[in-house]
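Quick caveat, the model's predicted, so the values are computed rather than measured. Heavy atoms only: backbone and side chains are in, while hydrogens, waters and symmetry mates are out. Sequence lines set the chain letters: A, B, ... in the order given, protein chains first and strands last, and positions in each chain run from 1.
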Amino acid sequence: RLRKWQRRIRVSDAAERNLAFALSELDRMAAQLSLPRNLKEMAAVLYRKAVMEHLIRGRSIEGVTAACLYAACRMAKIPRTLDEIEEVARVDKKEIGRSYRFIARELNLRLPPTNPIDYVGRFADQLGLSERTKRKAIEILKEAIKKGLTSGSGPMGVAAAALYIASVLEGEKRTQREVAEVAHVTEVTVRNRYKELVDKLGIKLNI
Amino acid sequence: MSKVKLRIENIVASVDLFTSLDLEKVIEICPNSKYNPEEFPGIICRFDEPKVALLVFSSGKLVVTGAKSVEDIEGAVSKLVGMLSKIGAKFQRAPQIDIQNMVFSGDIGMEFNLDAVALALPNCEYEPEQFPGVIYRVKDPRAVILLFSSGKIVCSGAKSEHDAWEAVKKLLHELEKYGLTESWEF
DNA sequence: ATGTTACTTTAGAAAGC
DNA sequence: GCTTTAAAAAGTAACAT
């Protein structure tokens, strides 16, 4: 009847408005983070799946939207840290993390933890390091991961430490402070991780 | 072969004294207590012996935390009841004490590559960017175990030491099932 | 460059917003 | 959902020496 029609219209209206809002949020955040378009579309696909699976109930669109962007970055191997997502999101890190775990579980996204290697390219570019140094850092990281070192450590700190070591070994040294800054970790963390890598991998540095 | 150990770290219990309390009066007899109804509806009180923290509500219900044994909780409740009696509170029946949560720290005695653990173990969470341990949830008995690369663990949510052990054994059996360990001795 | 303190995670209850 | 309590694990952080 008429009432039913009006209700349907109202519901689809609200649903459309919410979807439009979510997509504009993804656009805004992706633009602020200078993320490629395919990445943004990947996040939009995730969001639509979340809507179809009724995962938005009791959760904010802002939170799910930020979580989808975070997940898409990890899937595309161009990870952003939760802090970076938080800077452009309208909800805090805690909420983004909760939404992320929820959609990851419900949509069966079995994303392995961020690989430190995925941060090498971006951090090295910001530090103006050569391809040779990037390769060296990746070589160090592969060895460390293979030996099961660094488990429990944050991937950004590990990536920063490997880049620091590689920059010294390849003769284009960056200071711990410079590396720490681009990796969004403290100098203390870079120092702790690099010392651990150096002695567990038996690397000799002449600083 | 390693020995798995568990140590009690904290016990949380809810208690019902079956008597309404006038918190304004209770405040005056509790030495180190804090009461700001604006931020929290209960009185926060600390005892040195036994060393626990109590949350006292006007309904006569309590929350006792920080205890290392059930005896500590019973002792703290008796102590509070004694203090309340001097202030004129009447008790018709014995307090009802329910253990709600027990937290244990422990050691499996072996190191783990958490990336391998997270890959093989179903239903576990591992986000080193946020927290250094693997979070493993056991359905029955209901408990959550945090597993670190050092082999140290934290088990919370269990209502008894027996349940905590059962939960830990389930995690160990899973680790064994997926070839992540060798053998143990309890 | 260290050292201290503090926050992240887990569970659970209480009464009220 | 939040607020308050306690306690451990290991990593990271903030601020002090």
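The nearest heavy atom of DNA chain D to Asn10(B) and to Gly157(A) marks one nucleotide each, and the one closer to the 5' end goes with Asn10(B). Closest-nucleotide positions on DNA chain D for Val154(B) and Arg46(B) were compared, and the one nearer the 5' end corresponds to Arg46(B). Residue order along DNA chain C, read from the 5' end via each residue's closest nucleotide, puts Val12(B) first among Ser58(B) and Val12(B). When each of Ala13(B) and Phe131(B) is assigned the nucleotide of DNA chain C bearing its nearest heavy atom, the one mapping closer to the 5' terminus is Phe131(B).
Thr186(A) and Thr189(A) form a side-chain donor-acceptor contact under 3.5 Å, judged by distance and modelled atom types alone. No donor-acceptor contact under 3.5 angstrom links the side chains of Glu129(B) and Thr81(A), judged on distance only.
Listed nucleotides: dG11(D), dA6(D), dA15(C). Nearest to the side chain of Ser153(A): dG11(D). Of the candidates dT10(C), dA14(D), dA14(C), the closest approach to any side-chain atom of Ile135(B) belongs to dT10(C). Among the nucleotides dA1(C), dT9(C), dA14(C), the one closest to the side chain of Val63(B) is dA14(C). Side-chain atoms of Gln176(A) lie closest to dA1(C) of the nucleotides dA10(D), dA6(D), dA1(C). Residue Arg191(A) places its side chain closer to dT2(C) than to any other of dT2(C), dA6(D), dA10(D).
For the pair Glu181(A) and Arg177(A), the salt-bridge criterion is met [side-chain N within less than 4.0 Å of a carboxylate O]. Note on Glu196(A) versus Arg193(A): salt bridge recorded, some NZ/NE/NH1/NH2 to OD/OE distance being below 4.0 Å. At a threshold of 4.0 Å, the pair Arg59(A)-Glu95(A) does not count as salt-bridged, since none of the basic side-chain nitrogens sits closer than that to a carboxylate oxygen. Glu127(B) and Arg74(A) are joined by a salt bridge, as a carboxylate oxygen and a charged side-chain nitrogen come within less than 4.0 angstrom of each other. A salt bridge links Glu9(B) to Arg7(B): at least one charged side-chain nitrogen sits closer than 4.0 Å to a carboxylate oxygen.
Here dT8(C) presents its P atom at 17 Å from CD of Glu125(B), a figure rounded to the nearest Å. Atom-to-atom, CZ of Phe148(B) to C1' of dT8(C) comes out at 10 Å; the value is rounded to the nearest Å. Atom NZ of Lys195(A) is separated from atom C1' of dA1(C) by 8 Å (rounded to the nearest Å). Rounded to whole angstrom, the span from the CZ atom of Phe104(B) across to the P atom of dA7(D) amounts to 16 Å. Nucleotide dG16(C) holds its P atom 11 Å from the CG atom of Leu23(B), rounded to whole Å. Rounded to whole Å, the distance from CD1 on Ile44(B) to C1' on dA6(D) is 12 Å. A straight line from CG of Leu21(B) to P of dA15(C) spans 12 Å, rounded to a whole angstrom. Here dA13(C) presents its P atom at 16 Å from CE of Met102(B), a figure rounded to the nearest Å.
Near DNA chain C, meaning a heavy atom under 4.0 Å away, the residues from residues 91-127 of chain A are Lys94(A), Arg101(A).
Note on Gly154(A): only backbone sugar-phosphate atoms sit closer than 4.0 angstrom, heavy atoms only; bases stay farther off. Note on Ser59(B): only backbone sugar-phosphate atoms sit closer than 4.0 angstrom, heavy atoms only; bases stay farther off. Within 4.0 Å (heavy atoms only), Ser150(B) reaches sugar-phosphate atoms of the nucleic acid but no base atom. Residue Val185(A) is in sugar-phosphate contact alone, with no base atom involved, counting any heavy-atom pair closer than 4.0 Å across all strands shown. Among the atoms of the strands shown, none is found under 4.0 Å from any heavy atom of Arg7(B). Counting non-hydrogen atoms under 4.0 angstrom, Val144(B) reaches the backbone sugars and phosphates but no base. Contacts of Leu55(B) with the nucleic acid, taken as non-hydrogen atoms under 4.0 Å apart, include base atoms. Using a 4.0 Å heavy-atom distance criterion, Gly152(A) is classed as a sugar-phosphate-only contact.
When ring centroids are compared, Tyr136(B) and Tyr126(B) stay outside the 6.0 Å threshold.
Dashed line: the shortest gap from a side-chain N or O of Lys68(B) to OP1 or OP2 of dA6(D) is not under 4.0 Å. Contact annotation: Arg193(A) side-chain N/O to dG11(D) OP1/OP2 distance is not under 4.0 Å. At the phosphate of dA7(D), neither OP1 nor OP2 sits under 4.0 Å from any side-chain N or O atom of Ser105(B).
With a 4.5 Å cut-off on side-chain heavy atoms, Lys152(B) and Glu111(B) do not count as touching.
A distance of about 22 Å separates the P atoms of dT4(C) and dA6(D), rounded to the whole Å. Nucleotides dA9(D) and dA14(C) place their P atoms 29 Å apart, quoted to the nearest Å. The P atoms of dT10(C) and dG1(D) are separated by 11 Å, rounded to the nearest whole Å. Rounded to a whole angstrom, the distance from the P atom of dA8(D) to that of dA13(C) is 22 Å.
Under the Watson-Crick or G-U wobble criterion, with both distances below 3.5 Å, dA16(D) is paired with dT2(C). Pairing for dA6(D) is absent, with no Watson-Crick or G-U wobble pair whose two atom distances lie under 3.5 Å. Pair assignment for dA11(C): none, as no Watson-Crick or G-U wobble contacts are both less than 3.5 Å.
Residues Tyr119(A) and Thr114(A) approach most closely at CE1-CG2, 3.6 Å, considering heavy atoms.
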